[in-house]
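Beneath this line is the structure, given in structure tokens, with notes to follow.
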Amino acid sequence: MPNKMKGRSGVLPLLPFLIFVTIFLLVPTITLFVRASRRIEGGTKPAMMEAMSNELRGSFVYSAKLSVVSALSGAAIGFLFAVAVTRIDRPRWLRTWVTGFSGVAANLGGIPLAFAFIATLGVQGLVTRILYHWGVDIYDSGFTIASFWGIVVVYLYFQIPLMVLVMLPAIDGLKPTWSEACANVGGSRSHYWRFIGLPILFPPILGGFLLLFANAFSAYATAFALSSGASKLVPVQIRFFLQGETITGRGNLGYALAGWMVIILIFVLGSYLALRRRTEKWKRG
Amino acid sequence: MKKTRLPVWEWITVIVCISFFILPMLIMARFALQKVPVSLLGRDTLFSRWTLSGVTATLTDDEFRPALFLSLRIAFFTVAVVLVLMVPTVIWLHLGGKRWRSLVEVISTLPYVVPPIALVVGISGTFRDLFPWLITSNYGLVPFYGLLCLPFAFRTLDAGVASLDLRTLVDASRSLGASSSKTLVSVLIPNLRISIMTTAFLSIAVVLGEYAIAGLLLKPTLPTYMVEAQGQQPQGAMAVALLLLAGTSALFALIGLTTNNRGKKQNETGLVI
């Protein structure tokens with residue numbers, strides 16, 4: 001076929017895309033790691049090693065813990081929510097509505113979300129005051145909206161919908177014949193979930209967990225606005241070091257933190273992709 | 001299986017979850033629209049002093065409109081960059097470059113691996129000396145915002161192109177004597193309008209909400225304005241946040257409408273990679 005659009009021209013048509021990604025993503029990422037391997041002023045080790053040996057390691061532990069807790073609770077609640085929605089068949093619109101809403105909420109995050117929760121659970125938040133009125137002072141136990149559990153609760157707002165989006169298609173894949181077969185041999189609902197449902201859904205649940213972890217780990221704007229920039233979370237710390245670059249001479253630590261963040265995300269999202277590829281292969285049989 | 005059982009725990013779960021999602025929005029709306037401090041809120045003040053004055057005060061604020069218009073202009077250019085870059089690329093992948101499809105797919109998900117807060121560190125380290133315009137100009141944000149849109153832009157457009165009978169369309173167009181660019185503009189793009197519109201709406205939503213890069217590079221966009229206004233006029237900031245949420249939700253609702261009319265293809269967009 002004498003067709004110019006048929007790619008005998010090699011990779012030429014791909015060049016704009018490759019050049020764009022190289023200039024705006026690859027080069028900055030390489031710079032990031034080059035700067036992260038330099039020393040900070042007065043230091044002897046590369047900044048990336050420095051970041052792991054001083055108080056900043058605490059930041060990573062804190063971020064990782066928060067992401068794990070947020071991903072675990074988001075995955076658990078999201079899974080239950082998705083199962084519940086698929087098992088309610090009247091009113092029909094409920095499921096459409098939940099799917100549509102999840103698409104919106106999973107992408108929300110950011111400043112407006114932080115504001116909404118400050119108005120709800122902040123010191124002067126409506127729910128805080130109502131609970132106080134009823135004799136429950138949540139701030140008495142050291143809770144604040146910018147604390148560990150405060151941020152976990154706020155992140156649930158986009159974590160649960162993300163899990164719902166991951167789980168709904170997977171739950172639809174469970175064939176009714178399986179639960180009927182289980183019932184026919186005398187199995188109860190809990191037998192069904194323990195021995196059939198959950199094992200089959202395990203890969204998407206694990207995948208969802210990894211996705212939620214990465215999502216929480218890289219979130220910045222919400223945590224920044226909740227804590228007014230004072231959180232111990234790694235993304236918020238990055239800002240601190242980058243802004244103070246010229247004053248402290250420790251700017252390379254900001255690069256080091258970002259570098260470690262990228263490495264962790266490569267690992268987590270890489271596992272997610274590998275897992276998904278395996279599941280797809282298995283599904284094709 | 002017992003079919004008659006009432007779905008009790010299912011309803012409880014659904015109601016609890018939905019309240020968790022709706023309450024903060026309602027409370028933010030109250031905060032933006034009612035001029036009664038929380039401490040004075042009670043049975044007798046519940047319905048008093050509801051006013052749009054907080055919203056209008058913000059809308060007429062001198063710094064609000066420039067921030068909004070800057071964000072909208074950046075959104076416009078970002079959409080242009082994303083579409084000009086990705087539409088021809090994805091079409092080519094389906095015509096002759098099939099071997100490269102998985103490579104492009106992997107590359108387009110890379111922005112998830114280098115999240116905005118890490119990317120901005122690399123940006124400031126790279127371009128501050130090399131090409132300062134990208135750091136100093138407000139429009140320097142455009143290519144980076146385009147980058148943030150790549151993951152869903154690729155997936156959406158790829159699904160759109162895959163649903164066309166591309167080969168036949170191209171061959172038919174050529175046998176009628178159209179050039180490659182004529183084929184692209186008058187045959188392919190009209191057929192891809194739904195996925196193009198979805199990509200555009202999602203990109204606008206991303207640009208209007210992005211704070212990590214804009215905040216660190218000190219760009220006066222809408223989210224930066226909100227953070228600054230939070231201190232001085234919290235009610236106004238809440239009002240802007242509310243408007244932004246309503247606007248974003250409207251965009252997503254539009255996406256839902258356009259894709260629903262075509263059936264299927266839901267959830268293929270957004271964050272899920």
Side-chain angles (χ1 to χ4, degrees), chain A residues 4-7 11 13-14 16-17 20-21 24-25 27-29 31-32 35 77 80-81 84-85 87-88 99-100 103-107 110-112 115-117 119-120 124 126 129 157 160 162 165-166 169 179-180 183 214 218 220-221 225 235 238-239 242 254-255 258 261-262 265-266 269, chain B residues 1 7 10-11 13-14 17 21 23-25 27-28 30-31 38-39 85 88-89 92 95-97 100 104 107 110-119 121-126 143-144 147 170 180 205 209 211-212 216 223 226-227 237-238 241 244-245 248-249 252 256 266-267 270-272:
Chain A
K4 255 193 282 169
M5 274 178 117
K6 208 180 171 190
V11 286
L14 209 54
F17 175 76
F20 181 84
V21 174
F24 297 113
L25 181 67
V27 171
T29 310
T31 315
L32 179 73
R35 291 287 297 266
I77 302 172
L80 284 179
F81 190 28
V85 168
R87 293 174 49 137
I88 295 176
T99 318
V104 181
N107 291 288
I111 308 295
F115 284 6
F117 272 93
T120 308
Q124 287 299 321
L126 193 60
R129 299 311 296 178
Y157 202 93
I160 295 174
L162 182 55
L165 289 184
V166 175
S179 74
E180 282 157 22
S218 45
Y220 164 74
I238 290 178
R239 179 197 176 96
L242 204 68
Y255 291 84
M261 213 174 145
V262 173
L265 285 170
I266 288 177
L269 290 173
Chain B
M1 207 167 64
E10 286 90 340
W11 272 112
T13 315
V14 166
C17 285
F21 290 117
L23 263 183
M25 295 304 141
I27 292 175
M28 178 160 75
R30 187 210 77 88
F31 195 93
V38 180
S39 50
L85 188 71
T89 304
W92 176 77
L95 276 179
W100 304 98
V104 174
I107 293 180
L110 285 182
Y112 285 135
V113 175
V114 187
I117 186 68
L119 181 66
V121 175
I123 292 171
S124 86
T126 310
F144 303 111
L147 200 64
V170 172
S180 294
Y211 177 68
L216 263 90
M226 282 194 286
V227 170
M238 291 274 178
L244 182 59
L245 277 180
T248 321
S249 310
F252 280 102
Q266 255 188 353
N267 306 348
L271 257 174
V272 186

Looking at [options], which makes the most heavy-atom pairs under 4.5 Å with chain B?
{"options": "Phe24(A), Tyr157(A), Tyr220(A)", "result": "Tyr157(A)"}
{"options": "Val262(A), Ile88(A), Leu265(A)", "result": "Ile88(A)"}
{"options": "Ala214(A), Gly110(A), Pro235(A)", "result": "Pro235(A)"}

Considering only heavy atoms, which portion of [X] lies under 4.5 Å from any heavy atom of chain A: side chain, backbone, both, or neither?
{"X": "Leu85(B)", "result": "side chain"}
{"X": "Ala205(B)", "result": "neither"}
{"X": "Leu244(B)", "result": "side chain"}
{"X": "Phe144(B)", "result": "side chain"}

Start with the C-alpha distance between Leu14(A) and Trp92(B), add both sets of side-chain angles, then the distance that settles side-chain contact (heavy atoms from CB on, under 4.5 Å), and finish with yes or no. CA-CA 8 Å; Leu14(A) 209 54; Trp92(B) 176 77; 3.7 Å; yes

Shortest non-hydrogen contact from [X] to [Y]?
{"X": "Met28(B)", "Y": "Ala119(A)", "value": "CA-CB, 4.3 Å"}
{"X": "Tyr211(B)", "Y": "Arg239(A)", "value": "OH-NH1, 3.9 Å"}
{"X": "Gly122(B)", "Y": "Thr31(A)", "value": "O-CB, 4.4 Å"}
{"X": "Leu269(A)", "Y": "Tyr112(B)", "value": "CD1-O, 3.6 Å"}
{"X": "Ser218(A)", "Y": "Pro115(B)", "value": "CB-CB, 3.4 Å"}

With a 4.5 Å cut-off on heavy-atom pairs, point out which of [options] contacts chain A the most.
{"options": "Pro111(B), Pro143(B), Ala237(B), Ala212(B)", "value": "Pro143(B)"}
{"options": "Ile123(B), Thr89(B), Leu110(B), Leu147(B)", "value": "Leu147(B)"}
{"options": "Gly125(B), Pro88(B), Ser249(B)", "value": "Gly125(B)"}

What distance separates [X] [atom1] from [Y] [atom2], expressed to the nearest 0.5 Å?
{"X": "Leu242(A)", "Y": "Ser124(B)", "atom1": "CG", "atom2": "OG", "answer": "4.5 Å"}
{"X": "Ile27(B)", "Y": "Leu126(A)", "atom1": "CD1", "atom2": "CG", "answer": "4.5 Å"}
{"X": "Phe117(A)", "Y": "Met25(B)", "atom1": "CZ", "atom2": "CE", "answer": "7.0 Å"}

Quick one, Arg35(A) with Val121(B), criterion side-chain contact (heavy atoms from CB on, under 4.5 Å). Give me CA distance, side-chain angles, the key distance, then yes/no. CA-CA 10 Å; Arg35(A) 291 287 297 266; Val121(B) 175; over 6 Å; no

Which bit of Ile111(A) is near chain B, if near means a heavy-atom gap under 4.5 Å: side chain, backbone, both or neither?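 Interface part for Ile111(A): side chain.
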
Any heavy-atom pair between the side chains of Val104(A) and Thr248(B) that's under 4.5 Å? no

Start with the C-alpha gap between Thr120(A) and Leu23(B), add the side-chain angles, then the distance that decides, and say whether side-chain contact (heavy atoms from CB on, under 4.5 Å) holds. CA-CA 8 Å; Thr120(A) 308; Leu23(B) 263 183; 5.5 Å; no

Evaluate the side-chain contact (heavy atoms from CB on, under 4.5 Å) criterion for residues Leu119(B) and Leu25(A): first the C-alpha distance (whole Å), next the side-chain angles of each, then the deciding distance (0.1 Å), finally the verdict. CA-CA 7 Å; Leu119(B) 181 66; Leu25(A) 181 67; 3.8 Å; yes

